[in-house]
Amino acid sequence: MEFTLRQLAELLGGKVEGDENVKVNRLDKIQEGKPGGISFLANEKYETYLYQTAASAVIVSEGFKPTKSYQTNLIWVKDAYSSFTQILETYSQFTKASFQGVEEPSYMDPSSQIGDGHYRGAFSYIGKNSHIGNQVKIHPHAYIGNQVKIGDNCIIHPGAKICDGTVIGNHCEIHPGAVIGSDGFGFAPQEDGSYKAIPQIGNVILEDWVSIGANVTVDCATMGSTIIRKGAKIDNLVQIAHNVIIGDNTVIAAQAGVSGSSELGKNCVIAGKAGIVGHIKIADQTTVGANTGVIKSIRKPGQTIFGYIGMEMKQFLKSYSIFKNLEDLESRIKELEKKP
Amino acid sequence: MEFTLRQLAELLGGKVEGDENVKVNRLDKIQEGKPGGISFLANEKYETYLYQTAASAVIVSEGFKPTKSYQTNLIWVKDAYSSFTQILETYSQFTKASFQGVEEPSYMDPSSQIGDGHYRGAFSYIGKNSHIGNQVKIHPHAYIGNQVKIGDNCIIHPGAKICDGTVIGNHCEIHPGAVIGSDGFGFAPQEDGSYKAIPQIGNVILEDWVSIGANVTVDCATMGSTIIRKGAKIDNLVQIAHNVIIGDNTVIAAQAGVSGSSELGKNCVIAGKAGIVGHIKIADQTTVGANTGVIKSIRKPGQTIFGYIGMEMKQFLKSYSIFKNLEDLESRIKELEKKP
Amino acid sequence: MEFTLRQLAELLGGKVEGDENVKVNRLDKIQEGKPGGISFLANEKYETYLYQTAASAVIVSEGFKPTKSYQTNLIWVKDAYSSFTQILETYSQFTKASFQGVEEPSYMDPSSQIGDGHYRGAFSYIGKNSHIGNQVKIHPHAYIGNQVKIGDNCIIHPGAKICDGTVIGNHCEIHPGAVIGSDGFGFAPQEDGSYKAIPQIGNVILEDWVSIGANVTVDCATMGSTIIRKGAKIDNLVQIAHNVIIGDNTVIAAQAGVSGSSELGKNCVIAGKAGIVGHIKIADQTTVGANTGVIKSIRKPGQTIFGYIGMEMKQFLKSYSIFKNLEDLESRIKELEKKP
């Protein structure tokens, strides 16, 4: 697959600076650009590579002002990052394997249904009374239990496990090894110090356009539903406990966890390894920093919370900058104590 | 399945306040109560919902004193929470699918044995010389290696992996994607800076009534056994390293980790994301707070440990409350330094 | 399998103190030593067990000086730990099951190839156009996608998932449930607040002698490759994000995470639960403490970094020791403020 810069500029609604007839057949990172490849510059950190790159062309944004000379051809576009994403998508459509049909052995209980354009990989499993829409790709070793509903255009990656009663909307993607709808962690303490499991009879609902990362765990509700709303994106190894609700377009990065019955608002960003305790609410547009522990509800939307016990980020950073030199602070107190 | 309030009160040993002949056929959370459903009130946080709920009935505890009027019927019981758990269990027994028999294709080496009342889901695998008791349910994609022993009444959920030599007691539940008995992380540093794997020839022992969460990892011992004792409950995505011992009825919440050769006592509670270093001992009834790092042995039973480097919880919270306003502390020192 | 102490001493190049003709047939931890077993003493913490042990023999290092009398036989060697590792290896070679041949049903697309001495467990899957070397053991439920390359002498454990385009060197071991090459977590924010997935067209490269723990996730690059270099060892439940590079012989302990595009040098040690933000570089021989957050590049090799926001370890510990008694510090300020 080879394109001239003119073709790409047309696709992107941009303008070529340099030789329009140069051909590219590969996408490269700008720091690794080589002849025949096209790169992009969106983050100023990488500007210096523009002046050194051997890439045949670089996509840049209209506002950008080069400060040195460069050898490469440019394609000027409104927004270099989204233009590059557009090329990635086109590239990906051409090159991505298309999965169709049924590989054997695979297993589907006769009481279940699957729509048109499906793929069922070898060793994939579909239990009883499950309803699966059109254009759903169920990869090898994927497990779909009983009474599961899955909408259209979903991808269930290898070894993902969709437990009984789960409801999944359209355009969802469940990455390898993720577990959706396993039992919530609920145990009633007994008088002898042991614990008795509390049956978890609820389910999980994933609305449209939800993405669930590799080896993520999402527990079913004790009663009712654990819900991940439209457009939420969950990264690898995240834990979502029973009865949690994740709002529209909220993004949760790797290894973060949300404890039971907590509710996250819309358009939140939860950074990696953050932990949110149970039974609290997080307002819309909240940003929670990496490794932050949130232990009480965040009522005011749009805040950035950070710290071992999360607080307003600026406050934490001020305190931490003094903490780094606490020894100095103590010395100053010692000096003061010496005064008569 | 429909019950009158009179029937439920009899089951629970409680008393109806209101119409005994009202029928319910569903369990609801109190904040989502609707006609035809029964809810419970155990946590005072939710009391306000009692006065608004449209549920047909609510289960309440003997000691509870309503402060406003309400429209719903009540069932008064000794303990609302455990009564509700009892209904959940009954409900769950009626509605839960019963798994029996063998789905094909499945794989069991002829040298292995499995007892009565078993289920072997499609694509389940049982290796050589393994002995599995009665009433064991082995779900699709579950993997059971060689020389594994499993007692009676266990559930091995979809895609759980029980590696060679593991010994599992009775009434254990291994949730989807959990890995029991993978190699411990042991490498001997070599003179050239590389590492050589140390063979891990031990195994994992799970005693009776142990529950292991989804995508948990429990490593086998270098020698001897990694042991999880009777009644311990392990939540999702927890890491248990080689040669660890977890005491009876100890509970470990999601994403916590225990490093090699550490021993946890009985009836401990380890909160989410806590980390315990290797080669230490934690006394019985210790509570370790969320995201706490425990770096030395806890000798005295019954303490609550909390903090980035764990300490007695009250002490940490006092220090942290001052940390939050460290800038203020520094200002006061500056003021003092200005004094002549 | 039974050996005399004389035989073992010859194997290890050591000397027997006591009865050379004593036979052992088992390896024990020194604190659990019993007749017929051989143990070792390498860590002075365990010295006291030497004087009590019922083991038939204990391996000790040349420099060791007993301070009490003991009943057991000794084998004196240069280094007790590496000698014991040597015995473990020999033991392991004799006892470990050897996996050969193909169990059915298994799946391999005819366009793929696998070398001599292979094992393909039941329900293992190999997609299209994949090339697998000699002596590769592919365990049950392992998934190998399309256009994957795997070298010689690799072990792909049960349920490990090797996604499309991954390249694996020789002598690599992928533990159960690990996911190699799932999509990187890349989403472009849209004007309406939703996110659009950015196609991840890169791959993962594991060089020779890499070990990947159970339920680890390693994402493919957006473009180019996520690379784990020769001899790196990754423990369970670790997250490696897209475009990360891990240097030769770097060791990463359980539940740690490395965010997108960061580069770790050679021979680093990253302790459990540590988190490394995206787009930074960590110098060779850096040690990162448990649960440490690294938020900026570490330029100087050989440092030890520790803390909630990582800093030089000694500095953090000094500050933390004062933090533990911050209340005391505040009291001293109050006292000073009382002065006229």
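First the proteins, then the strands, lettered A, B, ... as listed; each starts at 1. When reading the values below, keep in mind they use all heavy atoms of this one structure, side chains included, and skip hydrogens, waters and symmetry mates. The structure displayed is predicted, hence computed values, not measured ones.
Neither the backbone nor the side chain of A/A160 comes within less than 4.5 Å of any heavy atom of chain B. Neither the backbone nor the side chain of A/V218 comes within contact range of chain B; no heavy atom of the residue lies under 4.5 Å from a heavy atom of that chain. For A/M223, the parts lying near chain B are the backbone and the side chain together; criterion is any non-hydrogen pair under 4.5 Å. Proximity to chain B (any heavy atom under 4.5 Å) is restricted, for A/I201, to the side chain, taken from C-beta onward. Of the atoms belonging to A/A256, it is backbone heavy atoms, and not side-chain ones, that fall under 4.5 Å from chain B. Neither the backbone nor the side chain of A/T292 comes within contact range of chain B; no heavy atoms are under 4.5 Å apart. Interface residue A/D183: backbone and side-chain heavy atoms are both found under 4.5 Å from chain B. At a 4.5 Å heavy-atom cutoff, the contact between B/E104 and chain A is made by backbone atoms alone. Residue contact with chain B, scored on non-hydrogen atoms closer than 4.5 Å, is absent for A/V277. Proximity to chain A (any heavy atom under 4.5 Å) is shown, for B/N325, by both the backbone and the side chain. Interface residue A/A197: only backbone heavy atoms are found under 4.5 Å from chain B.
Side-chain atoms of A/Y308 come within 3.5 Å of backbone N or O of B/G307 as a donor-acceptor pair. Side-chain atoms of B/N236 do not come within 3.5 Å of backbone N or O of A/T217 as any donor-acceptor pair. Of the possible donor and acceptor atoms, one in the side chain of B/Y320 sits under 3.5 Å from a partner among the backbone N and O of A/I309. A donor-acceptor pair under 3.5 Å is formed between the side chain of B/Q255 and the backbone N or O of A/L237.
Note: A/G193 leads A/S182, A/G193, A/G275 in heavy-atom pairs under 4.5 Å with chain B. Among A/K318, A/Q315, A/E335, the residue making the largest number of heavy-atom pairs under 4.5 Å with chain B is A/K318. Your options are B/H139, B/E103, B/H157, and the one with the most heavy-atom pairs under 4.5 Å with chain A is B/E103. Counting heavy-atom pairs closer than 4.5 Å to chain B, the top-ranked of the candidates A/T222, A/D219, A/N291 is A/D219. Note: B/K233 leads B/K233, B/H175, B/K230 in heavy-atom pairs under 4.5 Å with chain A. Chain A forms more heavy-atom pairs under 4.5 Å with one residue of B/S211, B/A214, B/S82 than with any other, namely B/A214.
Among all heavy-atom pairs drawn from A/V216 and B/N215, the shortest one is O-ND2, 3.7 Å. The shortest heavy-atom contact between A/F185 and B/I234 is CE1-C, 3.6 Å.
Rounding to the nearest 0.5 Å gives a distance of 11.5 Å between CD of B/E327 and CG of A/L317. Here OG of A/S225 is found 8.0 Å from CD of B/E32. Values are rounded to the nearest 0.5 Å. For the atom pair B/N43 CG and A/H279 NE2, the distance stands at 7.0 Å (nearest 0.5 Å). With rounding to the nearest 0.5 angstrom, the CD1 atom of A/I198 is 12.5 Å from the CD atom of B/Q86. For the atom pair A/K324 NZ and B/L326 CG, the distance stands at 13.5 Å (nearest 0.5 Å).
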### Task
Assess whether side-chain contact (heavy atoms from CB on, under 4.5 Å) is satisfied between B/H141 and A/K161, documenting all intermediate values.
CA-CA 10 Å; B/H141 303 123; A/K161 295 150 196 87; 5.8 Å; no
#### Entry: CA sep, side-chain torsions, deciding dist, call: B/D235, A/F187, side-chain contact (heavy atoms from CB on, under 4.5 Å)
CA-CA 11 Å; B/D235 198 0; A/F187 296 92; over 6 Å; no
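Each of A/F123, A/Y107, A/Y125 was compared with B/P140 under the side chain to side chain contact (heavy atoms under 4.5 Å, CB included) criterion, and only A/Y125 meets it.
At a threshold of 4.5 Å between non-hydrogen side-chain atoms, the residues B/P176 and A/C163 count as touching. Using a 4.5 Å cut-off on side-chain heavy atoms (C-beta onward), A/K196 and B/T85 make no contact.
Atom NZ of A/K339 has more than 12 neighbouring heavy atoms from other residues, nucleotides or ligands inside a 6.0 Å radius. Dense packing is recorded around NZ of B/K29, with more than 12 heavy atoms of other residues, nucleotides or ligands lying under 6.0 Å away.
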